[in-house]
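Order of the sequence lines sets the chain letters (A, B, ...), proteins ahead of strands, with each chain counted from 1.
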2 protein chains.
Amino acid sequence: MNDMDRRSMPLFSIGIVMKLTELTARQIRYYEANDLIAPERTKGNQRLFSFNDVDRLLQIKDLLDRGLNMAGIKLLLDEEKKEIPGEIPEKKKKTPANLTDEELRGILKNELNEAGRYGKASMRQGELARFFVRH
Amino acid sequence: MNDMDRRSMPLFSIGIVMKLTELTARQIRYYEANDLIAPERTKGNQRLFSFNDVDRLLQIKDLLDRGLNMAGIKLLLDEEKKEIPGEIPEKKKKTPANLTDEELRGILKNELNEAGRYGKASMRQGELARFFVRH
DNA sequence: ATTTTTATGTTAAATAACCTAACATTCAAT
DNA sequence: ATTGAATGTTAGGTTATTTAACATAAAAAT
């Protein structure tokens, strides 16, 4: 079993995730309703969150603190996924269709990647990574 | 927050631990009743297991497969704790009172530290360590 | 200055998951 | 044959989570 598997393994009940992230159940469910996360379910339909889910929730919290709304957060987080595949960003390839979205993203990305003023969460975004082995 | 904290952080419900260890709830509770583990509890008295607890359960399962009983397992696991403090084992310091126990431990230790024939558990003992950073 | 939308709070009713305790079963050792 | 250890099974009770609805405060749009 590799790191990817471990990160996406459904492990945590919503109660634990509430403590880890200092979000309310209402908030977590609302973010799911807005397609920002998609935790697994037990046979009985109860949510089961992975490390990835918790990590993502911490990011969402951070972005909300910075004033973004659901749409903006979704844009940013979805973009991050696309960037992972080890390809070197050769001058930024533009998807012709969604120029407006890409521009928005560009603006957000530059605006946000500054000054790491973070909240008082019991676990800050990024800290979760320490649960895993280094590469 | 350091690794020790993370390893002992109460995170998992018994349902998850059942899947991780392939033990039944009955077994897990029985081992607790025999003081082999001591998981935390929620306010509502439900068990919450840490990585350490899961690790320990995997060890218990392995030792049971090898024919040990509760007493033997407790001895072994308690001994391992004492050995952790980075001291170099200078010829094995004997505690005068419990010679019989020490002998038993010695025998077990030698008998058991051979041939790693392991079961078909979804997660083998030791594998859990990969959740954590290397030292 | 209203009205609407967004993010979150609160509550209720249903049910899934978990709890303890008791009794049953299996198997190995006496 | 009897005992004890480990686990199965069942019952009744409690806790945690679910969805859905309605409420609210602040921000955005009109």
Side-chain angles (χ1 to χ4, degrees), chain A residues 10-50 53-54 56-77 104 108 119-121, chain B residues 10-50 53-54 56-77 104 108 119-121:
Chain A
L11 293 174
F12 308 115
S13 69
I14 199 169
I16 292 297
V17 175
M18 288 173 64
K19 286 179 191 157
L20 288 177
T21 62
E22 290 189 343
L23 293 166
T24 66
R26 183 67 170 91
Q27 289 176 299
I28 296 170
R29 295 189 189 115
Y30 183 70
Y31 304 153
E32 184 187 23
N34 282 268
D35 298 312
L36 295 186
I37 49 170
E40 294 286 325
R41 299 287 183 130
T42 65
K43 291 173 190 171
N45 199 38
Q46 301 195 180
R47 291 174 181 79
L48 276 187
F49 299 80
S50 68
D53 291 328
V54 177
R56 211 170 154 86
L57 283 171
L58 290 171
Q59 290 186 90
I60 292 168
K61 189 182 184 182
D62 182 50
L63 293 174
L64 272 171
D65 283 348
R66 301 202 201 178
L68 292 232
N69 61 9
M70 296 294 115
I73 293 172
K74 188 158 180 20
L75 255 178
L76 268 183
L77 295 191
L104 216 179
L108 290 176
K120 64 282 175 217
Chain B
L11 292 175
F12 308 115
S13 69
I14 198 170
I16 292 297
V17 174
M18 288 172 64
K19 285 178 191 157
L20 288 177
T21 61
E22 289 188 342
L23 293 167
T24 66
R26 183 69 169 88
Q27 288 176 301
I28 295 170
R29 295 189 188 115
Y30 183 70
Y31 304 152
E32 183 187 24
N34 282 269
D35 297 312
L36 296 186
I37 48 171
E40 295 285 324
R41 300 286 182 129
T42 64
K43 291 173 190 172
N45 198 38
Q46 300 193 180
R47 291 173 181 80
L48 276 186
F49 299 81
S50 68
D53 291 327
V54 176
R56 213 170 153 87
L57 283 170
L58 290 169
Q59 292 187 89
I60 292 169
K61 189 183 184 181
D62 182 52
L63 294 174
L64 272 171
D65 283 348
R66 301 202 201 179
L68 291 233
N69 61 9
M70 297 294 115
I73 293 172
K74 187 154 180 23
L75 256 178
L76 268 184
L77 295 191
L104 216 180
L108 289 177
K120 63 285 174 215

Exercise. With A:Ala25, which residues qualify under side chain to side chain contact (heavy atoms under 4.5 Å, CB included), at least two apart?
Worked result: A:Ile14, A:Met18, A:Arg29
Exercise. Going 5' to 3' along DNA chain C, which nucleotides are the first and last within contact of chain A (any atom under 4.0 Å from a heavy atom)?
Worked result: C:dT6 to C:dA17
Not counting sequence neighbours, which residues clear side chain to side chain donor-acceptor pair (under 3.5 Å) with [X]? List them please.
{"X": "A:Thr42", "result": "none"}
{"X": "A:Asn34", "result": "none"}
{"X": "B:Gln27", "result": "B:Thr24"}
{"X": "B:Arg47", "result": "B:Glu32"}

Problem set entry | Positions of residues 36-48 of chain A (non-hydrogen atom under 4.0 Å from DNA chain C), listed by number | A:Thr42, A:Gly44, A:Gln46
Round to a whole Å and report the spacing from [atom1] of [X] to [atom2] of [N].
{"X": "B:Leu63", "N": "D:dA6", "atom1": "CG", "atom2": "P", "answer": "13 Å"}
{"X": "B:Ile60", "N": "D:dT7", "atom1": "CD1", "atom2": "C1'", "answer": "15 Å"}
{"X": "B:Lys61", "N": "D:dT7", "atom1": "NZ", "atom2": "C1'", "answer": "14 Å"}
{"X": "A:Leu23", "N": "D:dT17", "atom1": "CG", "atom2": "C1'", "answer": "17 Å"}

Problem set entry | B:Phe49: ring-ring contact (aromatic ring centres under 6.0 Å, His included) partners, not counting sequence neighbours | none
Exercise. OP1, OP2 of D:dT17 versus side-chain N and O of A:Ser13: anything below 4.0 Å?
Worked result: yes
Problem set entry | Phosphate contact (D:dT7 OP1 or OP2) by B:Tyr30 side-chain N/O below 4.0 Å | no
Distance, nearest 0.5 Å, that separates [atom1] of [X] from [atom2] of [Y]:
{"X": "A:Ile60", "Y": "A:Leu57", "atom1": "CD1", "atom2": "CG", "result": "5.0 Å"}
{"X": "B:Arg56", "Y": "B:Leu77", "atom1": "CZ", "atom2": "CG", "result": "4.5 Å"}
{"X": "A:Tyr31", "Y": "A:Leu64", "atom1": "OH", "atom2": "CG", "result": "4.5 Å"}

Problem set entry | Heavy-atom closest pair, residues B:Thr21 and B:Lys61 | O-NZ, 3.0 Å
Seminar exercise, completed: In short, A:Ile16 meets B:Pro10 closest at the heavy-atom pair CD1-O, 3.8 Å
Exercise. Below 4.5 Å, heavy atoms only, C-beta onward: do B:Leu20 and A:Leu11 meet side chain to side chain?
Worked result: yes
Seminar exercise, completed: On DNA chain C, more 5' by nearest nucleotide between B:Gly15 and A:Tyr31 is A:Tyr31
Seminar exercise, completed: Once base and sugar-phosphate atoms are separated, protein heavy atoms under 4.0 Å mark nucleotides 24-30 of chain D, 5' to 3', with B, S and - as -------
Problem set entry | Residue of the set B:Leu23, B:Asp53, B:Leu36 for which side-chain contact (heavy atoms from CB on, under 4.5 Å) holds with B:Ile28 | B:Leu23
Atom pairs, protein N/O to nucleotides 8-10 of chain D N/O, distance under 3.5 Å:
| unit_1 | atom_1 | unit_2 | atom_2 | d |
| --- | --- | --- | --- | --- |
| D:dG8 | OP2 | B:Thr24 | OG1 | 2.7 |
| D:dG8 | N7 | B:Arg26 | NE | 3.2 |
| D:dG8 | O6 | B:Arg26 | NE | 3.2 |
| D:dG8 | O6 | B:Arg26 | NH2 | 2.8 |
| D:dT9 | O4 | B:Arg26 | NE | 3.4 |

